[in-house]
Amino acid sequence: MRQLIYLAVALLLIVTIAYAKDDEDQVTYSDFTLNIGDRIDIGDYRAELIEIQSVKDGIAVMRISKVNGALDEQRAFLQNSANNFQGGSDSGGITITVTDIFDDQSAKVRVEYKESLGTAKKRTSERPAAMLNVPILSVQKSFDKNHISVGDEVKVTITVKNIGTGRAQDIKAEDLPPLPEFSYVVGYPPKIKDALDPGESDSAVYVMNAVKEGSIRVPAIQVSYTDSKKNVKSNNSEPFNILINPKSKANLILTLRPSGPITVDGKGMLNVSLSNQGEASATKVKVEGDIKPSDGLVATGLDKSFFEILPGMKENYSIELSGKKPGNYTVTLRSSFFGGDGAMIQEGRTEVVVLDREYKYLYLLLIIPVIIIVAWMYKRYREYKY
Amino acid sequence: MLNVLMLGVGQCGNRILDAINKEAFGGGGASKLAKYYLRPKFPSRVETLAINTAINDLKELKFTTAKDRLHVPNLHGVGANRNVGKQAFMDNRDVIMGEIEKRGDFDVAFVITSTSGGTGSSFSPLLINELKRQYRNITVITIAVLPFREEGSIYLQNAAFSMRELMDVEAEGIILADNQYMKRFSGDIASAYDKINSMIAQRLLFLIESLDSEMLSVTDLGDFKTVMNGGLRIGTLGFYKADRKNPSVKDAIENSLKPGNLLYPANVTDDAARAMIIVQGSREHLDVDEITKEMEKLSSCAGHVFKGIVVKKGHPKVLSIFTLASAPELEAIYAQAARAMQDEKEKRVRARKQLDDAFAHIEDLEEIY
Ligand SMILES: Nc1nc2c(ncn2[C@@H]2O[C@H](COP(=O)(O)OP(=O)(O)OP(=O)(O)O)[C@@H](O)[C@H]2O)c(=O)[nH]1
Ligand SMILES: [Mg+2]
């Protein structure tokens, strides 16, 4: 508004000057900010902003016409270069310059003319803003699992969707750089359709293999595309962090628990438990045992096998022992299995004591007199208690 | 083997019996725990029985088995009253005698009692009569304990009357032990009792052992009876144990007769009627000539003297048993008792008279309301 007042004051001055210098016709200019469809009227001239062809290159299209039909021209204006019509302002025509392109909807335009043509005025377009024709691509990158261990296969899905209103063309997806923590198995680099209409989407999948443990930042994927006016645009997915755990392995723990000392010709039990405390299954588990010294303690059911022991699970079984000769024996059990990292071996051992038969009587020899003495003293106590 | 019955009647008798049972666990001071690992060792078959009307006195015993303690229920005890005591015995005679008969036949019985309490002094004469009736050939010896003289007139009176009854019964004799005489052994009453009781126990066990042994010189139950029958049929015991410093058997015999080793104050040379001297020890200490010489010395004043010699490893031990021809100390007790009773009677008459004088004030008056 204030500008208008200034303008009015300026015009008044100009008119005053014009009256003062009657035959001298001065060139003047006005700046207008135009949206697409808006136009400037000066005398018989009309200058309308038709479209912004390229913001980046600074090209806007305007239509210049005259009411009497002597002029009707649509021309692409390069930013900051003056275009003369009917001789330009110096010769009674007009000169138009696109001084600035704000976006693909608006630009700043300067018009120069002889004062005698009157005052330039802006006419705002009454028709609704033309349906926008802008493609917008959203892009996503996702892994099919959150927990990855070395050796695991990961499927990566790239999804691109046109959520804008115009067709996207020359679509290029760039998933860079290839990460050293993975080996790329199939489908890399991902390929996305060349063009997507509004609402249309496309995805690509590639498979890779985790080869190194560590915490990594998965970089974004970038798509670039152009709209119908060859404007180049781009968008990218959010980068995210993921942890690659060390390779999961089975960890079989062998525990041997003998039921106690065995006497010569007596029997005992050796309870064995195989517990998988690792993260991977132990498969083809085979347990073999041996006893040292090799004679004097006989075990039945020393060897045993299991098809699979799942992580966190436990298998129990018992070995029957029978003593033949007194002594201390070492029972060693060796389990071999596959557990994620090739063949593995675990050992467990325990001591088993075979007692001389007399020991039992020696034991009684101690207990019985104590019992007898206590019983005797109690009897005496009763005898004398009145 | 002799069958011996030992009866402890009343608190005094019970405690002496307990001392005997203790002694049987091993000479000298047997440990309190001895009963848990030892068996009492009596030289013969000895049965002991503690009889009392007071259950607390029985509970106090430590070395006597429960089955050897007989409680004779009497509503309020006997309270030193011998008449109440006699009634209680008669009421429970079958129970008491049944308890004794259960234990079989006996050759000798020792009845141990105080003369001055209520229970023991009244039960004992009656009990002796029952024993004599029940066991035809039994020898009954009374062990009678005389009171401290200052214990009061009732105890003195009880002692006087019960002694008379004990002398009247058919028992073979009385062995006296005098608390008054022996109290000099210890300062306080409790330890004096313990000392006296163990002295009595030691002598009695030695006597039983000797009577049941093969002796070199023959003394047996018959001889013992003869000794106890002498004089007043009242006797006492002396004992001496020689040691390494002086193993002389001669000195041991003399010492056993010295006042300090007797249970009752007597002068052997003046008062003894019959005596028996039992010597025990290793053969090398037992010089028969010396022993014989000592005996002869004694016979010259004490009438007949029996001697017994038991060969057993150790320094000489001598037990002397003698009966008295006269008992001046006993007479003194009777005199004291009579005086006390007389005093009491007079006091009573005087008191009665004073009361009567007091009553005289209201003689002719009536109660007015
Ligand atoms: N030598 C000795 N005398 C004792 C002992 N205990 C009590 N006397 C004496 O025994 C007399 C009292 O007799 P007790 O045996 O206690 O009386 P009791 O026969 O139980 O009769 P009551 O108690 O009256 O029913 C007193 O002269 C005490 O000095 C003791 O352990 N040893
Ligand atoms: Mg009493």
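Naming convention: chains lettered A, B, ... in sequence-line order (proteins, then strands); numbering from 1 in each chain.
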So which atom in Tyr386(A) and which in Ile55(B) form the shortest heavy-atom distance, rounded to 0.1 Å? CE2-CG1, 3.9 Å
Residues, nucleotides or ligands: over 12 heavy atoms within 6.0 Å of Lys62(B) NZ: no
Quick check for you: to the nearest 0.5 Å, what is the distance between Met377(A) atom CE and Lys35(B) atom NZ? 11.0 Å
Neighbour count >12 (heavy atoms, 6.0 Å) for atom CD, Glu238(A): no
Can you give the donor-acceptor pairs under 3.5 Å from side chains of residues 84-98 of chain B to other protein atoms, not counting sequence neighbours?
unit_1, atom_1, unit_2, atom_2, d
Lys86(B), NZ, Glu165(B), OE2, 2.8
Gln87(B), NE2, Asp91(B), OD1, 3.0
Asn92(B), ND2, Ala88(B), O, 2.8

Say you draw a straight line from CG of Asp68(B) to CD of Glu383(A); how long is it, rounded to the nearest 0.5 Å? 9.5 Å
Should we count CZ of Phe143(A) as having more than 12 external heavy atoms under 6.0 Å? yes
Do you know which two heavy atoms are closest between Tyr384(A) and Phe63(B), and how far apart they sit? CE2-O, 3.1 Å
Contacting moiety of Tyr378(A), where chain B heavy atoms sit under 4.5 Å: neither
For atom NZ of Lys241(B), is the number of surrounding heavy atoms from other residues, nucleotides or ligands below 6.0 Å larger than 12? no
So which of Lys385(A), Arg380(A), Arg382(A), Lys379(A) has the biggest tally of heavy-atom pairs under 4.5 Å with chain B? Arg380(A)
